[in-house]
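The structure under discussion appears below in the form of structure tokens.
Predicted, not measured: the structure shown is a model, and the values here were computed from it. Scope of the values below: all heavy atoms of this structure, side chains included, with no hydrogens, waters or symmetry mates.
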Amino acid sequence: MPVRRTSLARPVLEVAPSLLGMVLRRTTDEGTVAVRITEVEAYDGPNDPGSHAYRGQTARNAVMFGPPGFLYVYFTYGMHFCMNISAGPDGQPSAVLLRAGEVTEGLALARSRRGATPPAASTTVKTRRIADRDLARGPARLCVALGITRDANGADLLSRDSAIQLLPGTPFTGSPATGPRVGLREAADRPWRFWIPGEPSVSPYKPHVPKRR
DNA sequence: TGGGCGATTGGCT
DNA sequence: GCCAATCGCCCAC
């Protein structure tokens, strides 16, 4: 039974925890990597000062305003990509940030992608040894493990033809842990982060740090 | 039109 | 724990 678009058209605070335990699977020439989602955050456009959609629609955040089940990929800090799944009914700009997962398929490929020299260390050529739990631990790492870049923005996760698909996986039936979202300046008090308790792949919490000068 | 800053990460002290 | 890397977005000029 595939994931149904109507199940993603509900309010984002319901959709976000329901994604825990689901699987994201991407196949390319290089091979296949699949990740079981262990940590997410909800972003509720018009009511949420922490959301990219808070100040209205732009070219970047357009996918958030469309129908649910599509990939919203954005570029940040000049070097990282993060991925969201659009949620809520068409026209309502909400999305779920995928913050972490457990690699369940394509471990070698994920390891190879993550072991490549990161942009921030481009002056040194190094092969990094990375623990399995860290392969997709954090939103930008998750994108690297799956090979997601801006090209994937707007991809339909529920289409059979899509290179990247959202699959039911093994549903998480327990109670998700909740807490404030990571690294936000605005609306830092809203407990809209959800994760599977005890999962080693869940990223550590970090509060927003104002920039020094 | 320019500049401050971000849903981050990895390396180094 | 501290900090640099690096660039596109967006809003105040």
In whole angstroms, the gap separating P of C/dA5 from CZ of A/F81 amounts to 20 Å

Do A/Y74 side-chain and B/dA7 base share a donor-acceptor contact under 3.5 Å?
yes

By nearest-nucleotide position on DNA chain B, the 5'-leaning member of A/G78 and A/P139 is A/G78

To the nearest Å, how far apart are A/H80 NE2 and C/dG8 P?
14 Å

Searching all strands shown, indicate the nucleotide that pairs with C/dT6 (Watson-Crick or G-U wobble; both distances under 3.5 Å).
none

Considering just the side-chain nitrogens and oxygens of A/R137, establish if one lies under 4.0 Å of OP1 or OP2 belonging to B/dT9.
no

Output the rounded distance in Å from CD (A/E39) to P (B/dT8).
10 Å

A/R141, nearest nucleotide to its side chain (from B/dA7, B/dT9, C/dC7)
B/dT9

Whole Å only: how far is the NZ atom of A/K206 from the C1' atom of B/dT8?
7 Å

Is the shortest distance from a Lys or Arg side-chain nitrogen in A/R111 or A/D132 to a carboxylate oxygen in the other one below 4.0 Å?
yes

Specify the residue among A/I130 and A/G183 whose closest nucleotide of DNA chain B lies further upstream toward the 5′ end.
A/G183

Rounding to an integer number of Å, can you tell me how far A/H208 NE2 sits from B/dA7 C1'?
12 Å

Indicate whether A/Y43 forms a stack on B/dA7; treat it as stacked only if centroid distance is below 5.5 angstrom and interplanar angle below 30 degrees.
yes

May I have the distance from A/E186 (atom CD) to B/dG6 (atom C1'), rounded to whole angstrom?
12 Å

Nearest-angstrom distance from the residue atom CZ of A/R113 to C1' of B/dT9
19 Å

Nearest to side-chain heavy atoms of A/N84, which nucleotide of C/dC11, B/dA7, C/dC9:
B/dA7

Residues in contact with DNA chain C, drawn from residues 57-70 of chain A - heavy-atom cutoff 4.0 Å:
A/T58, A/R60

Report yes if some heavy atom in the side chain of A/T38 is under 4.5 Å from a heavy atom in the side chain of A/V202; otherwise report no.
yes

Can you see if the side chain of A/R185 gets near the phosphate of B/dA7 - specifically, an N or O under 4.0 Å from OP1 or OP2?
no

OP1 or OP2 of C/dC9 sitting under 4.0 Å from any side-chain N/O of A/H52?
no

Integer angstrom distance from the C1' of C/dC3 to that of B/dC5:
16 Å

Using both distances under 3.5 Å as the test, list the Watson-Crick or G-U wobble partner of B/dA7, or none.
none

Please answer whether the main-chain N or O of A/R137 pairs with a side-chain N or O of A/S201 as donor and acceptor at a distance below 3.5 Å.
no

So, A/Y72 versus A/Y74, ring centres under 6.0 angstrom or not?
yes

May I ask you to check whether A/T32 and A/E105 show a side-chain donor-acceptor distance below 3.5 Å?
no

Give me the distance, rounded to whole Å, that separates C/dT6 from B/dG2 when you measure between the P atoms they each carry.
23 Å

Distance below 4.0 Å between A/R114 side-chain N/O and B/dG10 OP1 or OP2:
yes

Look at the rings of A/F81 and A/F75 and say which category their plane angle falls in: under 30° parallel, 30 to 60° tilted, over 60° perpendicular.
tilted

Salt bridge present between A/R181 and A/D48 (N-O < 4.0 angstrom)
yes

Check for a donor-acceptor pair, side chain of A/R26 on one end and backbone N or O of A/G147 on the other, with a separation under 3.5 Å.
yes

Whole-Å distance, A/L97 CG to B/dT8 C1', equals 11 Å

